[in-house]
Asks: 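The following block contains the structure, expressed as C-alpha coordinates.
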Amino acid sequence: MNMRLFKGFFIVLLGLFVVVTIMSLFIPSKIMVTKGVVINADAEKVLAEIKNLQNWKHWQPVFMVDSSNLTFKDEENGIFKTCEWESKGKKNKITIKSQSKEGVNVSLNREGENEVLNTITVLPLSDTNQVQVDWNVLIKLKWYPWEKFYGIFIEKITGDGYEAALNSLKKHVEAN
(Lines give C-alpha, C1' and ligand atoms only; values in the text may rest on other atoms or scores of the structure.)
Protein backbone atom coordinates (compact mmCIF):
# COMPACT_ATOMS: atom_id res chain seq x y z
CA MET A 1 0.00 0.00 0.00
CA ASN A 2 2.83 2.43 0.84
CA MET A 3 4.52 1.78 -2.50
CA ARG A 4 1.26 2.50 -4.32
CA LEU A 5 0.83 5.76 -2.39
CA PHE A 6 4.44 6.71 -3.15
CA LYS A 7 3.92 6.05 -6.91
CA GLY A 8 0.76 8.18 -6.93
CA PHE A 9 2.51 11.00 -5.13
CA PHE A 10 5.47 10.78 -7.53
CA ILE A 11 3.20 10.84 -10.61
CA VAL A 12 1.32 13.91 -9.30
CA LEU A 13 4.60 15.67 -8.54
CA LEU A 14 5.99 14.84 -11.99
CA GLY A 15 2.77 16.03 -13.65
CA LEU A 16 2.89 19.29 -11.71
CA PHE A 17 6.52 19.85 -12.76
CA VAL A 18 5.65 19.22 -16.43
CA VAL A 19 2.66 21.63 -16.32
CA VAL A 20 4.72 24.37 -14.63
CA THR A 21 7.57 23.89 -17.14
CA ILE A 22 5.19 24.10 -20.10
CA MET A 23 3.54 27.23 -18.66
CA SER A 24 6.95 28.84 -18.19
CA LEU A 25 7.72 28.40 -21.89
CA PHE A 26 5.07 31.04 -22.62
CA ILE A 27 6.75 33.59 -20.36
CA PRO A 28 9.30 35.80 -22.19
CA SER A 29 12.97 35.13 -21.53
CA LYS A 30 13.84 38.84 -21.73
CA ILE A 31 12.38 41.39 -19.34
CA MET A 32 12.64 45.16 -19.82
CA VAL A 33 12.30 47.53 -16.86
CA THR A 34 12.05 51.24 -17.72
CA LYS A 35 12.09 54.22 -15.37
CA GLY A 36 12.37 57.91 -16.15
CA VAL A 37 12.68 61.36 -14.59
CA VAL A 38 12.67 64.97 -15.79
CA ILE A 39 15.67 66.99 -14.57
CA ASN A 40 15.94 70.79 -14.55
CA ALA A 41 19.43 71.00 -16.04
CA ASP A 42 21.12 70.93 -19.40
CA ALA A 43 22.02 67.64 -21.06
CA GLU A 44 25.80 68.13 -20.79
CA LYS A 45 25.66 68.43 -17.01
CA VAL A 46 23.61 65.24 -16.67
CA LEU A 47 25.77 63.36 -19.18
CA ALA A 48 28.90 64.30 -17.23
CA GLU A 49 27.42 62.53 -14.19
CA ILE A 50 26.47 59.32 -15.98
CA LYS A 51 29.45 58.91 -18.33
CA ASN A 52 32.05 58.65 -15.53
CA LEU A 53 31.43 55.81 -13.06
CA GLN A 54 33.37 57.68 -10.37
CA ASN A 55 30.63 60.35 -10.43
CA TRP A 56 28.02 57.69 -9.65
CA LYS A 57 29.14 57.96 -5.99
CA HIS A 58 27.23 61.27 -5.90
CA TRP A 59 23.85 59.81 -6.84
CA GLN A 60 23.72 56.00 -7.28
CA PRO A 61 22.45 54.57 -3.94
CA VAL A 62 24.48 51.36 -4.29
CA PHE A 63 27.68 53.35 -4.82
CA MET A 64 26.83 55.74 -1.98
CA VAL A 65 26.40 52.86 0.52
CA ASP A 66 29.40 50.79 -0.61
CA SER A 67 31.69 53.73 -1.48
CA SER A 68 34.59 52.36 0.59
CA ASN A 69 34.53 49.03 -1.29
CA LEU A 70 34.57 50.52 -4.79
CA THR A 71 37.54 49.96 -7.09
CA PHE A 72 37.57 52.05 -10.27
CA LYS A 73 39.45 50.87 -13.37
CA ASP A 74 39.89 51.58 -17.08
CA GLU A 75 40.63 55.28 -16.79
CA GLU A 76 40.68 57.23 -20.01
CA ASN A 77 41.18 61.02 -19.82
CA GLY A 78 39.99 61.10 -16.21
CA ILE A 79 36.87 59.04 -16.96
CA PHE A 80 36.50 55.68 -15.28
CA LYS A 81 34.62 53.02 -17.27
CA THR A 82 34.74 50.04 -14.88
CA CYS A 83 33.92 49.66 -11.21
CA GLU A 84 34.16 46.57 -9.02
CA TRP A 85 32.92 45.96 -5.48
CA GLU A 86 31.80 43.20 -3.22
CA SER A 87 28.45 43.01 -1.47
CA LYS A 88 26.83 40.15 0.41
CA GLY A 89 29.80 37.94 -0.39
CA LYS A 90 29.49 38.32 -4.17
CA LYS A 91 31.69 40.25 -6.58
CA ASN A 92 29.99 42.88 -8.74
CA LYS A 93 31.35 44.57 -11.83
CA ILE A 94 29.79 47.41 -13.77
CA THR A 95 31.28 48.47 -17.10
CA ILE A 96 30.37 51.25 -19.51
CA LYS A 97 30.25 49.37 -22.81
CA SER A 98 29.56 52.35 -25.07
CA GLN A 99 28.80 56.05 -24.97
CA SER A 100 26.97 58.37 -27.31
CA LYS A 101 25.85 61.98 -27.25
CA GLU A 102 22.51 60.77 -25.80
CA GLY A 103 23.79 58.49 -23.02
CA VAL A 104 25.56 55.27 -22.06
CA ASN A 105 25.19 51.50 -22.32
CA VAL A 106 26.26 49.76 -19.14
CA SER A 107 26.76 46.10 -18.29
CA LEU A 108 26.29 44.83 -14.72
CA ASN A 109 27.75 41.45 -13.82
CA ARG A 110 27.18 39.84 -10.45
CA GLU A 111 28.91 36.61 -9.54
CA GLY A 112 26.61 33.66 -10.21
CA GLU A 113 23.90 35.72 -11.93
CA ASN A 114 23.00 36.71 -15.49
CA GLU A 115 24.43 39.85 -17.06
CA VAL A 116 22.09 42.86 -16.83
CA LEU A 117 22.25 45.39 -19.67
CA ASN A 118 21.43 49.01 -18.81
CA THR A 119 20.87 51.96 -21.12
CA ILE A 120 20.67 55.45 -19.65
CA THR A 121 19.45 58.01 -22.16
CA VAL A 122 19.38 61.81 -21.76
CA LEU A 123 17.00 63.62 -24.09
CA PRO A 124 16.60 67.43 -24.04
CA LEU A 125 13.00 68.64 -23.88
CA SER A 126 12.23 71.25 -26.52
CA ASP A 127 12.08 74.92 -25.54
CA THR A 128 13.10 74.25 -21.93
CA ASN A 129 16.22 73.83 -19.81
CA GLN A 130 15.05 70.32 -18.88
CA VAL A 131 16.01 66.83 -19.92
CA GLN A 132 14.20 63.50 -19.80
CA VAL A 133 16.47 60.78 -18.37
CA ASP A 134 15.35 57.23 -19.10
CA TRP A 135 16.89 54.13 -17.55
CA ASN A 136 16.14 50.94 -19.51
CA VAL A 137 17.21 47.62 -18.03
CA LEU A 138 17.26 44.42 -20.08
CA ILE A 139 17.32 41.24 -18.02
CA LYS A 140 17.82 37.91 -19.78
CA LEU A 141 16.35 34.92 -17.96
CA LYS A 142 17.38 31.30 -18.23
CA TRP A 143 14.83 28.69 -19.31
CA TYR A 144 14.37 27.41 -15.75
CA PRO A 145 10.68 27.61 -14.73
CA TRP A 146 11.46 29.23 -11.37
CA GLU A 147 13.53 31.91 -13.06
CA LYS A 148 10.80 32.63 -15.61
CA PHE A 149 8.21 33.00 -12.85
CA TYR A 150 10.63 35.27 -10.98
CA GLY A 151 10.68 37.41 -14.14
CA ILE A 152 6.98 38.19 -13.67
CA PHE A 153 7.79 40.06 -10.45
CA ILE A 154 11.17 41.51 -11.40
CA GLU A 155 9.86 45.02 -12.13
CA LYS A 156 8.28 45.24 -8.69
CA ILE A 157 11.48 43.94 -7.06
CA THR A 158 14.07 46.06 -8.91
CA GLY A 159 12.08 49.03 -10.24
CA ASP A 160 12.17 50.99 -6.99
CA GLY A 161 15.97 50.87 -6.97
CA TYR A 162 16.25 52.37 -10.45
CA GLU A 163 13.67 55.00 -9.60
CA ALA A 164 15.55 55.91 -6.40
CA ALA A 165 18.79 56.24 -8.40
CA LEU A 166 17.15 58.55 -10.94
CA ASN A 167 15.58 60.71 -8.23
CA SER A 168 18.95 60.91 -6.49
CA LEU A 169 20.57 61.92 -9.81
CA LYS A 170 17.92 64.63 -10.23
CA LYS A 171 18.49 65.94 -6.71
CA HIS A 172 22.28 65.95 -7.12
CA VAL A 173 22.37 67.61 -10.55
CA GLU A 174 19.79 70.26 -9.67
CA ALA A 175 21.64 71.11 -6.41
CA ASN A 176 25.07 71.50 -8.05
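In what follows, residues are counted from 1 in the order of the sequence shown.
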Asks: Please enumerate all residues that pass side-chain hydrogen bond (donor to acceptor under 3.5 Å, both in side chains) together with Gln130, with sequence neighbours excluded.
Replies: Asn40
Asks: Between Glu84 and Lys73, does at least one N-O distance fall below 4.0 Å, as a salt bridge requires?
Replies: yes
Asks: Does any pair with a residue in residues 156-176 pass ring-ring contact (aromatic ring centres under 6.0 Å, His included), and if so which ones, sequence neighbours excluded?
Replies: His58-His172, Trp135-Tyr162
Asks: May I ask you to test the Thr82-Ile94 pair for a side-chain heavy-atom distance under 4.5 Å?
Replies: no
Asks: Please answer whether the main-chain N or O of Leu138 pairs with a side-chain N or O of Asn118 as donor and acceptor at a distance below 3.5 Å.
Replies: no
Asks: Which residues pass the salt bridge (Lys or Arg N to Asp or Glu O under 4.0 Å) test with Glu44, not counting sequence neighbours?
Replies: none
Asks: Within the distance-only criterion (no hydrogens, no angle test), does the side chain of Lys51 pair as donor or acceptor with the backbone N or O of Ser100 below 3.5 angstrom?
Replies: yes
Asks: Please list all pairs meeting salt bridge (charged side-chain N to carboxylate O under 4.0 Å, His left out) that have one or both residues in residues 90-101, counting only residues at least two apart or in different chains.
Replies: Lys90-Glu113
Asks: Could you work out, with salt bridge (Lys or Arg N to Asp or Glu O under 4.0 Å) as the rule, every residue matching Lys170, not counting sequence neighbours?
Replies: Glu174
Asks: Hey, any chance Val116 and Trp56 share a hydrophobic cluster, counting ILVMFWY side chains that come within less than 4.5 Å of each other, even indirectly?
Replies: yes
Asks: Once salt bridge (charged side-chain N to carboxylate O under 4.0 Å, His left out) is applied, what residue pairs with a partner in residues 16-39 remain, sequence neighbours excluded?
Replies: Lys35-Glu155, Lys35-Glu163
Asks: Assess the side chains of Asp134 and Thr121: does a donor N or O sit below 3.5 Å from an acceptor N or O?
Replies: no
